[in-house]
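Worksheet: the structure to be examined is printed underneath.
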Amino acid sequence: MARARGYWLMKSEPGTYSIDDLARDGRTRWEGVRNYQARNYMRDQMKVGDLALFYHSSAEPSGVAGVAEIASAAYPDPTQFDGQSPYHDPKSKKDDPAWLLVDVTFVEKLPEVLALQRLKADASLSSMLVLRRGQRLSVMPVERAHFARVLRLGKARTRV
DNA sequence: GCCAACGTTGGC
DNA sequence: GCCAACGTTGGC
C-alpha cells in the first residue's frame with residue numbers, strides 16, 4: 001500500500017516569488033527557508049508527490065494563489081553559502097549545511113486568490129494551522145480535509 | 001507604519 | 001539554563 005499523500009502550505013511574498021513565477025518556470029527551488037521547524041518538516045515529512053497550497057503573504061490580498069507539487073527530497077539550500085544572497089548564512093558550514101530546500105513544480109493557479117479573509121470566514125477551516133493566531137511558519141502541514149475544502153472554495157481543478 | 005507573536009541571541 | 005533584548009513575520 002502506497003503511503004498517503006501529504007499536504008502542505010508554503011508561503012511566499014509574491015514580490016519575491018509568485019504563483020505566476022512558478023507557472024512560468026514550471027519548477028523551482030524553494031529557497032530561503034530559515035526556520036528550524038519549517039526545515040524539519042521538509043527534511044522529515046515531505047515526500048515527492050505531496051501537494052502544497054501556494055500562499056501569497058504580505059500581498060493584496062494575502063491568501064492561497066495556487067497549487068504546487070513537491071518534486072524532490074530535501075537537499076542543501078545553496079543560497080546559505082552565497083555571500084551575495086539575502087539568504088546567506090555565514091554560520092552555516094559546507095560540510096554540515098544548516099538549511100535545506102525542496103524543489104516544487106507548478107500544478108495550478110486559482111482563478112483568483114482565495115483571500116485569508118475568506119478562509120477565516122469558513123467554519124470548516126477554523127482549526128486550520130495557517131489561521132492560528134501568531135502562526136508564522138513559512139512551511140506547514142495541512143490536513144487533507146482542509147486541503148480539499150480550500151481547493152473547493154478556490155474553484156481549483158486539482159483533486160486531492 | 002504599527003504591533004502582536006514568536007524565534008534567536010547572548011550575558012550572566 | 002534563565003530570560004531580557006532584539007529581530008522577523010505578516011496581518012491590518
Side-chain angles (χ1 to χ4, degrees), chain A residues 6-25 28-46 50-68 70 74-104 106-143 145-156:
Chain A
Y7 301 96
W8 303 95
L9 182 144
M10 300 172 84
K11 296 180 184 174
S12 181
E13 298 193 13
T16 302
Y17 198 84
S18 71
I19 190 70
D20 289 323
D21 293 323
L22 184 59
R24 176 199 64 212
D25 297 342
T28 195
R29 288 173 163 170
W30 199 266
E31 62 188 28
V33 172
R34 294 295 179 269
N35 171 282
Y36 289 107
Q37 199 178 342
R39 179 204 66 184
N40 293 348
Y41 280 135
M42 292 196 293
R43 183 188 64 194
D44 303 334
Q45 292 185 239
M46 267 189 182
D50 286 358
L51 293 178
L53 300 171
F54 192 120
Y55 183 92
H56 283 178
S57 63
S58 297
E60 192 49 56
S62 292
V64 175
V67 182
I70 308 308
Y75 63 97
D77 180 345
T79 64
Q80 69 196 301
F81 304 121
D82 177 359
Q84 306 306 310
S85 170
Y87 304 126
H88 181 230
D89 182 354
K91 299 194 299 299
S92 185
K93 308 253 177 17
K94 273 256 167 73
D95 57 0
D96 185 22
W99 305 114
L100 305 174
L101 55 68
V102 295
D103 291 353
V104 304
F106 177 75
V107 174
E108 176 177 10
K109 178 185 176 180
L110 298 185
E112 57 184 42
V113 171
L114 181 61
L116 177 61
Q117 196 175 358
R118 292 200 51 215
L119 300 179
K120 286 179 173 173
D122 192 87
S124 60
L125 297 177
S126 60
S127 64
M128 198 176 171
L129 208 53
V130 72
L131 303 181
R132 274 239 299 264
R133 189 173 159 81
Q135 178 56 64
R136 297 174 312 166
L137 280 180
S138 62
V139 174
M140 67 177 88
V142 176
E143 291 174 24
H146 289 156
F147 199 96
R149 177 64 176 160
V150 168
L151 292 185
R152 183 173 180 79
L153 286 173
K155 300 182 167 58

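Sequence lines set the chain letters: A, B, ... in the order given, protein chains first and strands last, and positions in each chain run from 1.
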**OP:** Between protein and nucleotides 1-6 of chain C, map the contacts as a letter string: B base, S sugar-phosphate only, - none, heavy atoms under 4.0 Å, written 5' to 3'.
**Re:** ------
Expected rows: protein N/O vs nucleotides 7-9 of chain C N/O, under 3.5 Å:
| residue | atom | partner | partner atom | Å |
| --- | --- | --- | --- | --- |
| C:dT8 | O2 | A:R136 | NH1 | 2.8 |

Original post:
Is any side-chain N of the basic residue among A:R34 and A:D77 closer than 4.0 Å to the acidic one's carboxylate O?
Top reply: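 A:D77 and A:R34: salt-bridged.
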Original post:
Based on Watson-Crick and G-U pairs with both distances under 3.5 Å, what dot-bracket line describes DNA chain C 5' to 3', crossing pairs as [ ] and inter-strand pairs as |?
Top reply: ||||||||||||
**OP:** Could you tell me whether the side chain of A:S126 and the main chain of A:A123 form a donor-acceptor pair under 3.5 Å?
**Re:**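 The answer is yes, because a donor-acceptor pair under 3.5 Å joins these two groups.
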Side-chain donor-acceptor contacts of residues 57-65 of chain A below 3.5 Å, not counting sequence neighbours, with atom names and distances?
| residue | atom | partner | partner atom | Å |
| --- | --- | --- | --- | --- |
| A:S62 | OG | A:S58 | N | 3.4 |
| A:S62 | OG | A:A59 | N | 3.2 |
| A:S62 | OG | A:A59 | O | 3.3 |

Original post:
Taking the side chain as C-beta and beyond, is there a heavy-atom pair between A:T28 and A:F106 under 4.5 Å?
Top reply: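 A side-chain contact is absent here, since even the closest heavy-atom pair is not under 4.5 Å.
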Original post:
Does atom CD of A:Q135 have more than 12 heavy-atom neighbours, drawn from other residues, nucleotides or ligands, at distances under 6.0 Å?
Top reply: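 Yes, the 6.0 Å shell around CD holds more than 12 heavy atoms from other groups.
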Original post:
More than 12 foreign heavy atoms under 6.0 Å from CZ of A:R43: is that the case here?
Top reply: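 Yes.
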Original post:
Mind checking whether A:F54 and A:W8 have ring centres under 6.0 Å apart?
Top reply: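 They do not qualify: ring centres at least 6.0 Å apart.
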Identify each donor-acceptor pair in which a side-chain atom of residues 16-24 of chain A lies under 3.5 Å from a protein atom, sequence neighbours left out, and give them as a table.
| residue | atom | partner | partner atom | Å |
| --- | --- | --- | --- | --- |
| A:Y17 | OH | A:D21 | O | 3.4 |
| A:Y17 | OH | A:D25 | OD2 | 2.6 |
| A:S18 | OG | A:D20 | N | 3.2 |
| A:S18 | OG | A:D21 | N | 3.2 |
| A:S18 | OG | A:D21 | OD2 | 3.3 |
| A:D20 | OD1 | A:K109 | NZ | 2.9 |
| A:D21 | OD1 | A:R24 | NH1 | 3.1 |
| A:D21 | OD2 | A:S18 | N | 2.8 |

Subject >> Interatomic distance, A:Q117 CD vs C:dG10 C1' [rounded to whole Å] >> reply: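 Whole-Å distance recorded here is 16 Å.
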Could you pull out every donor-acceptor pair under 3.5 Å between side chains of residues 92-99 of chain A and any protein atom, sequence neighbours left out?
| residue | atom | partner | partner atom | Å |
| --- | --- | --- | --- | --- |
| A:S92 | OG | A:Q80 | OE1 | 2.7 |
| A:S92 | OG | A:A98 | N | 2.9 |
| A:W99 | NE1 | A:D89 | OD2 | 2.7 |

